[in-house]
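The structure under discussion appears below in the form of structure tokens.
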Protein chains: 2
Amino acid sequence: MDVTKKERDCIVVIHENSSGFPLRLSDIAILMKIKPSTAYELLNRLLSKNIITKEKGMIMLTSYGNHVYSEIITAHRTMEILLTKSGVNSDIACSQMEKIDYLMDESSIEKILKQIGNPAKCPHGKPVKPA
Amino acid sequence: MDVTKKERDCIVVIHENSSGFPLRLSDIAILMKIKPSTAYELLNRLLSKNIITKEKGMIMLTSYGNHVYSEIITAHRTMEILLTKSGVNSDIACSQMEKIDYLMDESSIEKILKQIGNPAKCPHGKPVKPA
DNA sequence: CCATATATTAGTATTATACTAAAATATTTA
DNA sequence: TAAATATTTTAGTATAATACTAATATATGG
């Protein structure tokens, strides 16, 4: 399933802020710096793509949503490693990859990952394959 | 200047089909498989971004447009090389890069290019730095 | 000059994004 | 519990990119 840039950002925000307790719409609006009504529309698109669930206002990624997140983040971190290995500053590599990670093919990413020796972590120390 | 995906495709189509004589709107519409009125809108956006000129119906890239083309194609071919070096099939690498080449930072591309030894040609034998 | 080709304009539609303002629901607290 | 506050949802509007049909204008060729 394809996601847009904002949907991608929202998936990442949900995943990276759900450690303690799940987020509500208003939390997501704040984290994404958008108005609640804009968040509502965005979350509705993610709901209809079966990427999130909403239960009593608590928003969580579905298992499919978690899979989409993993694909995005693996692409992001794999390419970050590749770019930093080429001498690109890790923060620049990160902002560069934010723009395109969600557009990359999983199969290409897997091949690159193997070629660079299946590193466990990205330049920021985060796992290439999130749990 | 940022371009959209369709603008990117149009720039590439114009460059890669202007060897003999310049293209007209109707040629571009056919090459891009869109209706003339859609091509008209697209070309108007490129005109207002100073990427093309239209003289007596003949459409050409401006020098700035040529610069934008070069950046896109250098990113495309540099990353194609990187992907094929990792074992990605060259046609898959090409279609993968078509989606994202226009979104990549020139500075990151230059670093990668240097790191892989400034190859002159992409896997299809085309120059990484077009004339 | 006429016929055909090409380009332009007008109008409509869709998707993604984003806003304000109002209304409906929840939740909290006095 | 009722009132106050917070949150969510709905409605309406807007913009940009994309794309279409249909009509009109403008070239071009014979």
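Side-chain atoms are counted along with the backbone in the values below, which use heavy atoms only and exclude waters and symmetry mates.
With dT9(C), dT8(D), dT9(D) as the candidates, the nucleotide lying closest to the side chain of Lys54(A) is dT9(D). Here dA19(D) is the nucleotide among dA19(D), dA7(C), dC19(C) with the atom lying nearest to any side-chain atom of Lys6(B). For Ser37(B), counting side-chain heavy atoms from C-beta on, the closest listed nucleotide (dT9(C), dT9(D), dA7(C)) is dT9(C). Across dT9(D), dT8(C), dA16(C), the shortest atom-to-atom separation from the side chain of Leu25(A) is found for dT9(D). Looking at the side chain of Lys35(A), the nearest of the listed nucleotides dT20(C), dT8(D), dT21(D) is dT20(C). Closest to the side chain of Tyr40(B), from the set dA17(D), dA16(C), dT9(C), is dT9(C).
Rounded to an integer number of Å, the gap from CG of Asn44(A) to P of dT8(D) is 13 Å. Computed from coordinates, the Ile30(B) CD1 to dA5(C) C1' distance equals 11 Å when rounded to whole Å. Residue Leu47(A) contributes atom CG, which lies 13 Å from atom P of dT8(D) at whole-angstrom precision. In this structure, CG of Asp27(B) is placed 15 Å from C1' of dA27(D), rounded to the nearest angstrom.
OP1 and OP2 of dT28(D) both lie 4.0 Å or more from every side-chain N or O belonging to Lys56(B). Of the side-chain N and O atoms in Thr4(A), none sit less than 4.0 angstrom from OP1 or OP2 of dA16(C). Remark: Ser26(A) is in phosphate contact with dT8(D), judged by side-chain N or O atoms under 4.0 Å from OP1 or OP2.
Rounding to the nearest 0.5 Å gives a distance of 8.5 Å between CG of Asn17(B) and CG of Asp27(B).
For NZ of Lys99(B), the number of neighbouring non-hydrogen atoms (other residues, nucleotides, ligands) closer than 6.0 Å is greater than 12.
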